[in-house]
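To keep things clear, I will list the structure first and then write my remarks on it.
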Amino acid sequence: MARRGAAALALALALLAVVLARVGAQGAALQAPDYYVQETWSREPYYARPEPEPEPFSPPLPAGTGNGEREPRPPESRPPKTATKPKKAPKREKLAPEAPPPGKNSSRKGVRTKSSEKAASDDHSVPVARDEVREGCPPLGLETLKITDFQLHASTSKRYGLGAHRGRLNIQAGINENDFYDGAWCAGRNDLHQWIEVDARRLTKFTGVITQGRNSLWLSDWVTSYKVMVSNDSHTWVTVKNGSGDMIFEGNSEKEIPVLNELPVPMVARYIRINPRSWFDNGSICMRMEILGCPLPDPNNYYHRRNEMTTTDDLDFKHHNYKEMRQLMKVVNEMCPNITRIYNIGKSHQGLKLYAVEISDHPGEHEVGEPEFHYMAGAHGNEVLGRELMLLLLQFLCQEYLAGNPRIVHLVEETRIHILPSLNPDGYEKAYEGGSELGGWSLGRWTHDGIDINNNFPDLNTLLWEAEDRQNLPRKVPNHYIAIPEWFLSENATVAVETRAVIAWMEKIPFVLGGNLQGGELVVAYPYDMVRSLWKTQEHSPTPDDHVFRWLAYSYASTHRLMTDARRRVCHTEDFQKEDGTVNGASWHTVAGSLNDFSYLHTNCFELSIYVGCDKYPHESELPEEWENNRESLIVFMEQVHRGIKGMVRDAHGKGIPNAIISVEGVNHDIRTASDGDYWRLLNPGEYVVTAKAEGFTSSTKNCMVGYDMGATRCDFTLSKTNLARIREIMEKFGKQPVSLPARRLKLRGRKRRQRGGRANT
């Protein structure tokens with residue numbers, strides 16, 4: 001028994017010594033200056049023992065990387081040649097010959113270089129199938145907001161407005177770059193321990209990273225090199241390798257041009273982290289980014305299945321260059337030859353035709369009493385989503401008409417619809433070359449000669465407002481159909497050929513309602529777009545038809561899947577939820593010479609700007625969801641052309657009177673009849689006093705009631721000629737000039753005076 005007691009005591013002492021030794025080792029590790037860095041980044045000291053077999057979807061953890069994260073920052077970091085060069089993305093024809101997976105954007109540039117392929121082949125610690133190496137994946141959705149703010153995390157941030165939630169590709173800063181809306185994620189400290197990470201919330205095959213610097217008018221901040229790490233639990237991190245060492249990816253050389261770096265081999269994990277290693281010498285650690293990755297199927301996860309957007313429409317969901325767009329129009333025309341017509345309104349600066357498609361039961365002619373509607377897109381060539389939505393709408397209207405959809409059949413038979421998908425094809429071709437992720441915020445925005453079409457129309461607001469301010473002087477400027485200034489019509493004026501083509505198009509066709517689709521935001525803007533007060537950049541500037549424009553804007557926004565969703569985050573800096581996804585253009589930012597203001601003041605057309613998405617150029621895998629977001633809104637907005645009053649203005653013989661003026665009491669804006677004497681006046685439900693007048697005719701006034709049901713109220717007018725007009729008509733009929741009554745009275749008075757003078761002399 002004594003021996004057993006002594007043996008037990010000896011064993012207990014031995015175990016205590018082992019425990020104390022382990023505690024001492026941990027204490028020594030705690031005293032090491034970089035212990036917490038190791039714990040936060042990779043916890044690699046815990047993997048000194050042999051690695052277990054990796055799980056099927058988890059990346060293996062390479063050994064021998066314990067000191068990889070403690071390298072000092074070099075004075076001027078020179079990334080290895082394996083990283084993708086920022087401004088030398090390879091041309092599209094040099095892409096891998098393998099067929100792209102479903103949804104891949106064929107126009108996205110950037111593939112791994114040969115040195116990257118060699119690095120991938122040398123790294124035997126990550127087993128990847130060779131046929132997966134070149135497979136591309138779409139963006140996870142930082143720019144499109146599919147990745148929520150709660151999925152973005154960072155080590156530190158300077159302030160809330162520079163938090164991880166602002167580290168999205170192409171996000172724009174506010175004018176003041178204030179505490180809430182700034183233009184990037186910026187770390188709170190400039191050291192090698194900073195990071196920003198994305199939680200994909202499911203296992204994802206990560207294939208690449210796209211980075212930008214900080215969007216700022218005043219500061220220059222960007223990251224010049226970085227590491228990439230992945231994890232399955234956000235605690236244990238694996239650094240992407242280049243052979244046996246950590247791979248350093250080359251970052252940005254300026255703040256706006258996106259730079260794509262593809263991983264040498266795809267990495268499967270849930271989390272991905274970017275660790276900046278060097279940055280612009282005079283700046284800070286700031287970056288915007290997008291992650292390329294393919295979410296792996298997870299049929300057991302109800303959350304993901306419930307939130308996946310699908311469409312049942314059999315449409316061509318892809319990006320179309322100029323030739324492909326023209327071919328698609330031709331296909332639609334061949335499918336529906338009885339209701340479609342392809343024509344062009346002019347040419348671009350580079351000679352590309354500005355094609356439009358007319359959809360009507362009698363294409364090629366204006367039917368009396370049938371309103372004309374138009375959609376146009378692509379005034380900014382890089383705002384591609386609107387262009388693709390127009391091409392999808394063409395296909396949809398044709399298919400649904402052939403299928404006998406009563407709603408679409410009624411719309412086509414009662415409306416003459418014009419769709420102009422690409423107003424700036426020269427700019428689009430530039431953006432298409434850059435691709436959906438690498439074009440930045442402005443590549444292709446302007447025409448070939450550097451003009452912004454959307455703001456290139458004559459400023460008629462100033463002419464109108466100056467005339468209204470001169471109340472004591474005779475009114476020389478009407479409240480509608482304001483003439484274009486002569487200087488604007490001269491050949492030397494800075495006016496794009498595309499702008500002149502649109503003006504001629506709008507003067508030729510009596511459009512009633514139109515929408516121009518733009519991108520980069522999610523809101524419907526209505527005129528005026530220009531502030532009335534001098535020296536102000538923002539001011540609510542309503543038109544006389546403000547109540548009608550509000551309704552038109554709301555009709556689109558309220559039927560869009562996201563515009564009026566109070567739970568969605570803002571695209572960049574503006575929260576439009578207080579007005580239900582609509583905004584007066586001038587209260588947002590002032591613009592002189594906008595298409596909306598010109599259309600309202602020079603023609604009968606009520607024009608609105610529809611911003612259809614936060615991402616100007618989404619990856620084509622996003623097109624089905626964007627179509628579902630906008631499909632109902634596109635149709636509902638077209639149907640609004642049948643709201644208000646319509647009718648004919650005729651003379652006593654039943655002939656239509658062109659250019660007759662239609663005035664609504666209480667609304668200081670008139671419209672005019674078309675060449676056949678028919679008119680359309682958009683109005684909200686209510687009772688209105690309406691007057692029709694024309695030169696040489698007596699005016700006529702009626703009470704017209706507008707109901708809540710869809711369909712314009714018929715309100716016809718018959719005008720009688722004035723006595724003077726009848727006299728002129730009779731005189732012209734018999735080949736004599738009409739007598740001017742005031743001149744005749746003067747002659748008679750002179751004759752009488754001479755007669756009186758002769759009598760007095762006698």
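What you see is a predicted model; the values in this text were computed from it and never measured.
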Exercise. Is there a donor-acceptor contact under 3.5 Å linking the side chains of N333 and T340?
Worked result: yes
For this session: Please determine, by modelled atom types, if S422 and R387 share a side-chain donor-acceptor pair under 3.5 angstrom.
Result: yes
Exercise. Is any side-chain heavy atom of L552 closer than 4.5 Å to a side-chain heavy atom of Y526?
Worked result: no
Exercise. When V412 is tested against each of V409, I408, T415 for side-chain contact (heavy atoms from CB on, under 4.5 Å), which residue passes?
Worked result: I408
Exercise. Is the backbone of G346 close enough, under 3.5 Å, to the side chain of N344 for a donor and an acceptor to pair up by distance?
Worked result: yes
Exercise. With under 30° as parallel and over 60° as perpendicular, where do the rings of H374 and W505 fit, or are they tilted in between?
Worked result: tilted
For this session: State, with a plain yes or no, whether a side-chain heavy atom of D580 is found less than 4.5 Å away from one of S558.
Result: no
Exercise. Does T713 reach the main-chain N or O of I645 with its side chain, forming a donor-acceptor pair under 3.5 Å?
Worked result: no
Seminar exercise, completed: d(N461 CG, E466 CD) to nearest 0.5 Å is 11.0 Å
Problem set entry | side-chain hydrogen bond (donor to acceptor under 3.5 Å, both in side chains) assessment of T691 paired with T701 | CA-CA 4 Å; T691 300; T701 301; 2.9 Å; yes
For this session: Kindly compute the distance separating CE (M506) from CD1 (I345), expressed to the nearest 0.5 Å.
Result: 10.0 Å
For this session: Report the relative orientation of the aromatic rings in F549 and F606; use parallel for angles under 30°, tilted for 30 to 60°, perpendicular for over 60°.
Result: parallel
Exercise. Does the side chain of T582 reach to within under 4.5 Å of the side chain of R550, using non-hydrogen atoms?
Worked result: no
For this session: State plainly whether the residues K721 and D651 are in salt-bridge range, i.e. N to O under 4.0 Å.
Result: no
For this session: Output, in order, the C-alpha distance, side-chain angles, deciding distance and verdict of ring-ring contact (aromatic ring centres under 6.0 Å, His included) for H480 and Y600.
Result: CA-CA 8 Å; H480 69 293; Y600 182 67; over 10 Å; no
Exercise. Do you know the tightest heavy-atom contact between N596 and S609?
Worked result: ND2-OG, 2.9 Å
Seminar exercise, completed: Heavy atoms of W680 and P371 approach each other most closely as NE1-N, 3.5 Å
For this session: Look at the aromatic rings of Y375 and F373 and report parallel, tilted or perpendicular, splitting at 30° and 60°.
Result: perpendicular
Exercise. Would you say the side chains of N629 and H560 form a donor-acceptor pair under 3.5 Å?
Worked result: no
For this session: With rounding to the nearest 0.5 Å, note down the distance linking OG1 in T603 to CZ in R672.
Result: 12.0 Å
Exercise. Within the distance-only criterion (no hydrogens, no angle test), does the side chain of D716 pair as donor or acceptor with the backbone N or O of M648 below 3.5 angstrom?
Worked result: yes
Exercise. Is there a donor-acceptor pair under 3.5 Å between the side chain of Y322 and the backbone N or O of K353?
Worked result: yes
Exercise. E498 and N424: side-chain donor and acceptor closer than 3.5 Å?
Worked result: no
Problem set entry | N630-Y556 side chain donor-acceptor pair, cut-off 3.5 Å | yes
Exercise. Between D545 and V548, is there a donor-acceptor pair closer than 3.5 Å when you use the side chain of the first and the backbone of the second?
Worked result: no
Exercise. Can you find a pair of side-chain heavy atoms, one from D452 and one from R445, that are under 4.5 Å apart?
Worked result: yes
For this session: Identify whether NZ of Lys or CZ of Arg in K646 sits under 6.0 Å from the centre of the six-membered ring of Y679 and within 45° of that ring's axis.
Result: no
Problem set entry | T543 side chain to D546 side chain, donor-acceptor N/O pair below 3.5 angstrom | no
Problem set entry | V689 backbone acceptor or donor facing N703 side chain under 3.5 Å | no
For this session: Identify the two heavy atoms, one from T590 and one from K536, that lie closest to each other, and give their separation to 0.1 Å.
Result: CG2-O, 4.0 Å
For this session: Determine, step by step, whether L352 and D426 satisfy the side chain to side chain contact (heavy atoms under 4.5 Å, CB included) criterion, reporting the C-alpha distance in whole Å, the side-chain angles of both residues, the deciding distance to 0.1 Å, and the verdict.
Result: CA-CA 7 Å; L352 300 179; D426 297 346; 3.5 Å; yes
Problem set entry | Modelled atom types, side-chain donor and acceptor of E367 and H362, under 3.5 Å | yes
For this session: Start with the C-alpha gap between L328 and Q395, add the side-chain angles, then the distance that decides, and say whether side chain to side chain contact (heavy atoms under 4.5 Å, CB included) holds.
Result: CA-CA 9 Å; L328 180 61; Q395 302 170 64; 3.5 Å; yes
Problem set entry | Contact summary for L423 and M376, nearest pair of heavy atoms | CD2-SD, 4.0 Å
For this session: Measure from the side-chain N and O atoms of D678 to the backbone N and O of T673, and report whether any donor-acceptor pair falls under 3.5 Å.
Result: no
Exercise. For L393 and M638, what are the C-alpha separation, side-chain angles and deciding distance, and is it a side chain to side chain contact (heavy atoms under 4.5 Å, CB included)?
Worked result: CA-CA 12 Å; L393 181 62; M638 285 191 289; 4.3 Å; yes
Exercise. Would you say the side chain of C715 lies within less than 4.5 Å of the side chain of F717, judging by non-hydrogen atoms?
Worked result: yes
Exercise. Under a 4.5 Å cut-off applied to non-hydrogen side-chain atoms, are V583 and V524 in contact?
Worked result: no
Exercise. Salt bridge (charged side-chain N to carboxylate O under 4.0 Å, His left out) between R532 and E468: does it pass, once the steps are laid out?
Worked result: CA-CA 12 Å; R532 184 159 185 169; E468 290 179 347; 3.0 Å; yes
For this session: Return yes if a side-chain donor-acceptor contact under 3.5 Å exists between T537 and H589, otherwise no.
Result: no
Exercise. Going by atom types only, do H380 and Y428 share a side-chain donor-acceptor pair under 3.5 Å?
Worked result: no
For this session: Count the heavy atoms of every other residue, nucleotide or ligand shown that sit under 6.0 Å from CD of E486, and state whether that count exceeds 12.
Result: no
Problem set entry | Electrostatic pair E388-K616, nearest N-O below 4.0 angstrom | no
For this session: Give the C-alpha distance, both sets of side-chain angles, the deciding distance and a yes or no for side-chain hydrogen bond (donor to acceptor under 3.5 Å, both in side chains) between D449 and T447.
Result: CA-CA 5 Å; D449 47 347; T447 63; 2.5 Å; yes
Exercise. Taking all atoms of both residues into account, what is the closest heavy-atom pair of P485 and P458, and its distance?
Worked result: CD-CB, 4.0 Å
Exercise. Relative to each other, are the rings of W465 and Y528 parallel, tilted or perpendicular (30° and 60° limits)?
Worked result: perpendicular
For this session: For E687 and C704, indicate whether the former's side chain and the latter's backbone hold a donor-acceptor pair under 3.5 Å.
Result: no
Problem set entry | Ionic contact status for R416 with E372, cut-off 4.0 Å | yes
For this session: State, without any angle test, whether T698 and S720 hold a side-chain donor-acceptor pair at a distance under 3.5 Å.
Result: no
For this session: Can you measure from OG (S594) to CG (N456) and round to the nearest 0.5 angstrom?
Result: 11.5 Å
Exercise. Would a 4.5 Å heavy-atom cut-off, applied to side chains only, mark Q640 and L513 as touching?
Worked result: yes
Exercise. Which pair of non-hydrogen atoms, one from P544 and one from V667, has the smallest distance, and what is that distance?
Worked result: O-CG1, 3.8 Å
Exercise. Under the side chain to side chain contact (heavy atoms under 4.5 Å, CB included) criterion, do F457 and T499 qualify, and how do the steps go?
Worked result: CA-CA 7 Å; F457 293 84; T499 305; 3.8 Å; yes
Seminar exercise, completed: Here the gap from S700 atom OG to R650 atom CZ, rounded to the nearest 0.5 Å, amounts to 13.0 Å
Problem set entry | CD1 on I359 to CG on L411, rounded to 0.5 Å | 9.0 Å
Exercise. Within a strict 4.5 Å, meaning less than it, do heavy atoms of the I662 and D670 side chains meet?
Worked result: no
